[in-house]
Amino acid sequence: MELVCPAGSLPALRVAVDSGADAVYMGFKDDTNARHFAGLNFNDRKARQALDYAIDRKVKVFVAINTYAQPKGWKRWQEAVDRAYDLGVNALIVADMGVLEYTCNKYPDLALHLSVQGSATNHEALKFYHQNFGIRRAVLPRVLSLAQVKLAAEKSPVDLEVFGFGSLCIMAEGRCYLSSYVTDESPNTCGACSPAKAVRWEETDLGRESRLNDVLIDRYQEGENAGYPTLCKGRFKVDDHVYNALEEPTSLNTIRLIPELSAAGIKAIKLEGRQRSPAYVEQIVRVWREALDTYAVERDNFTPRGEWLDSLSKVSEGTQTTLGAYSRPWQ
Amino acid sequence: MNPLIQKFIEPVVSRSAQACPFLIQKIALEKMLPQVFAAEIEEGDLDCLEGRYLKVLVKDLNIGWSITLRNSLVEVERADGDADVTISGDAREFALLVSRQEDPDTLFFQRRLTIEGDTELGLEVKNILDALDHENLPFPLKQLLESVSQVSRFIYAT
């Protein structure tokens with residue numbers, strides 16, 4: 001299985017390549033990608049350097065243009081596709097059907113991957129994207145259980161990629177507008193969930209408080225780990241009971257599922273975290289490279305090493321990891 | 001962590017840092033920072049700090065600075081005034097951060113770093129720091145960074 005790794009900056013890209021990525025994915029410095037944060041991502045010069053570095057080392061480069069084009073900004077999405085084509089990237093990761101159509105008409109040779117934001121959860125949806133836009137790969141949403149992943153993989157007309165590790169959201173990828181509800185901006189529309197300009201952290205006598213557009217999201221006591229200040233991860237009072245009413249801050253970690261994912265015919269594993277630093281990228285890529293290489297040798301006898309899990313838990317949001325929906329026994 | 005070594009080294013670092021007059025710190029930082037961030041200042045990436053203050057507080061050493069950009073020139077002031085964003089933590093956390101041994105989000109989740117004020121400005125500075133090309137730094141600074149990295153690995157090894 002191909003290891004697809006995040007790069008929010010040139011140093012992160014280099015360290016991903018050096019630590020064993022088979023492919024890296026990145027975005028441009030605007031709202032055409034779902035990690036549109038100040039100071040992050042690649043301008044033309046840095047993108048060129050990134051491509052040169054990766055290609056020299058036989059590592060593929062994918063560019064995420066995976067937000068939904070807004071009526072006023074259509075030109076920006078077109079330009080992002082043109083720029084990626086001119087750079088000579090290996091594939092685009094796209095969600096919006098308008099962007100998919102523009103790309104497959106203008107650059108029929110450019111490989112298209114359906115972004116997780118496209119939210120294709122079954123083989124009929126995959127067939128639709130394949131027939132209409134010629135996608136070659138799709139990233140499956142994390143809402144699927146392992147049984148559903150296997151089912152989609154059985155009849156999928158395209159290669160499939162699944163998430164292996166990273167911060168977990170509420171698992172309604174491509175369909176979540178919780179951030180928009182509080183801040184008027186969401187990943188799909190503006191490329192940012194809980195944009196930093198709406199976030200305030202404050203150390204108070206009651207604890208560390210996080211607010212999103214003045215809405216209290218959480219209050220952490222001394223010694224409690226904090227999470228990203230997103231609406232889905234906040235603690236709220238429901239019937240006089242304060243708890244993570246939507247979900248707990250946690251990270252997905254599917255190292256244990258490598259044999260099953262491989263047996264299901266999954267072609268690539270994606271690691272999340274373009275917004276994280278080079279130190280994080282280095283740690284997670286190194287562990288996953290070792291895990292996949294170990295699996296290639298041990299096959300049926302594969303068991304995850306304790307030190308891999310420890311090292312991944314340490315950098316996780318909420319410092320806990322889960323199999324997420326993959327482990328869901330019910331259908 | 002190696003508590004014994006830490007016990008000996010920290011008070012020495014702490015006392016020397018506090019004994020170093022602010023004017024010397026100011027001159028050193030105003031000389032060093034423009035070299036470290038030469039490309040970022042040139043390309044306008046650091047325009048976000050133009051006329052706005054980033055306060056850095058090293059709590060256990062009891063030192064800190066307010067940093068701003070005025071017409072693309074770095075200015076360092078005492079940390080006793082107001083700032084647009086304040087990042088605080090112990091020396092260990094900053095050493096691990098600049099030497100790229102720890103991820104800032106991890107430190108933040110674990111409450112070892114604090115960001116108060118304009119979160120977007122803080123995030124932008126963090127991202128610029130992450131994107132900094134250590135390969136392109138002038139040789140003495142690269143050496144300095146390597147020393148910070150080695151010393152922090154030595155003192156704070158877990």
Flag side-chain contact, heavy atom, 4.5 Å: A:Glu203 against B:Arg111: yes
Chain B contact residues among residues 27-36 of chain A, heavy-atom distance under 4.5 Å: none
Neighbours of chain B found in residues 190-200 of chain A - heavy atoms under 4.5 Å: A:Ala196, A:Lys197, A:Val199, A:Arg200
Residue selection (most heavy-atom pairs with chain B, distance under 4.5 Å) from A:Phe37, A:Tyr220, A:Tyr228, A:Tyr280: A:Tyr228
Under 4.5 Å from a heavy atom of chain B, the part of A:Glu224 involved: both
Max heavy-atom pair count under 4.5 Å with chain B, selected residue of A:Gly223, A:Gly39, A:Gly8: A:Gly39
A:Lys314 NZ to B:Phe109 CZ distance, which is reported to the nearest 0.5 Å: 13.5 Å
Residue A:Asp310 excluded, over 12 heavy atoms near CG under 6.0 Å: yes
Contact winner vs chain B - A:Arg208, A:Glu222, A:Gln275, A:Glu282, heavy-atom pairs under 4.5 Å: A:Arg208
Atom OH of A:Tyr181 with >12 non-hydrogen neighbours under 6.0 angstrom: no
B:Glu42 atom CD, over 12 foreign heavy atoms within 6.0 Å: no
Distance-minimising heavy-atom pair for B:Gln110 and A:Asn225: CA-OD1, 3.2 Å
B:Asn71 atom CG: more than 12 heavy-atom contacts under 6.0 Å: no
Residues of residues 97-105 of chain B within contact distance of chain A, non-hydrogen under 4.5 Å: B:Arg100, B:Gln101, B:Glu102, B:Asp103, B:Pro104, B:Asp105
Contact origin within A:Asn43 toward chain B - heavy atom pairs under 4.5 Å: side chain
Pick from A:Ala12, A:Ala38, A:Ser9 with the largest number of heavy-atom pairs that fall under 4.5 Å of chain B: A:Ala38
Toward chain A: residues of residues 115-135 of chain B with heavy atoms under 4.5 Å: B:Ile115, B:Glu116, B:Gly117, B:Asp118, B:Thr119, B:Glu120, B:Leu123, B:Glu124, B:Lys126, B:Asn127, B:Ile128, B:Asp130, B:Ala131, B:Leu132, B:Asp133, B:Glu135
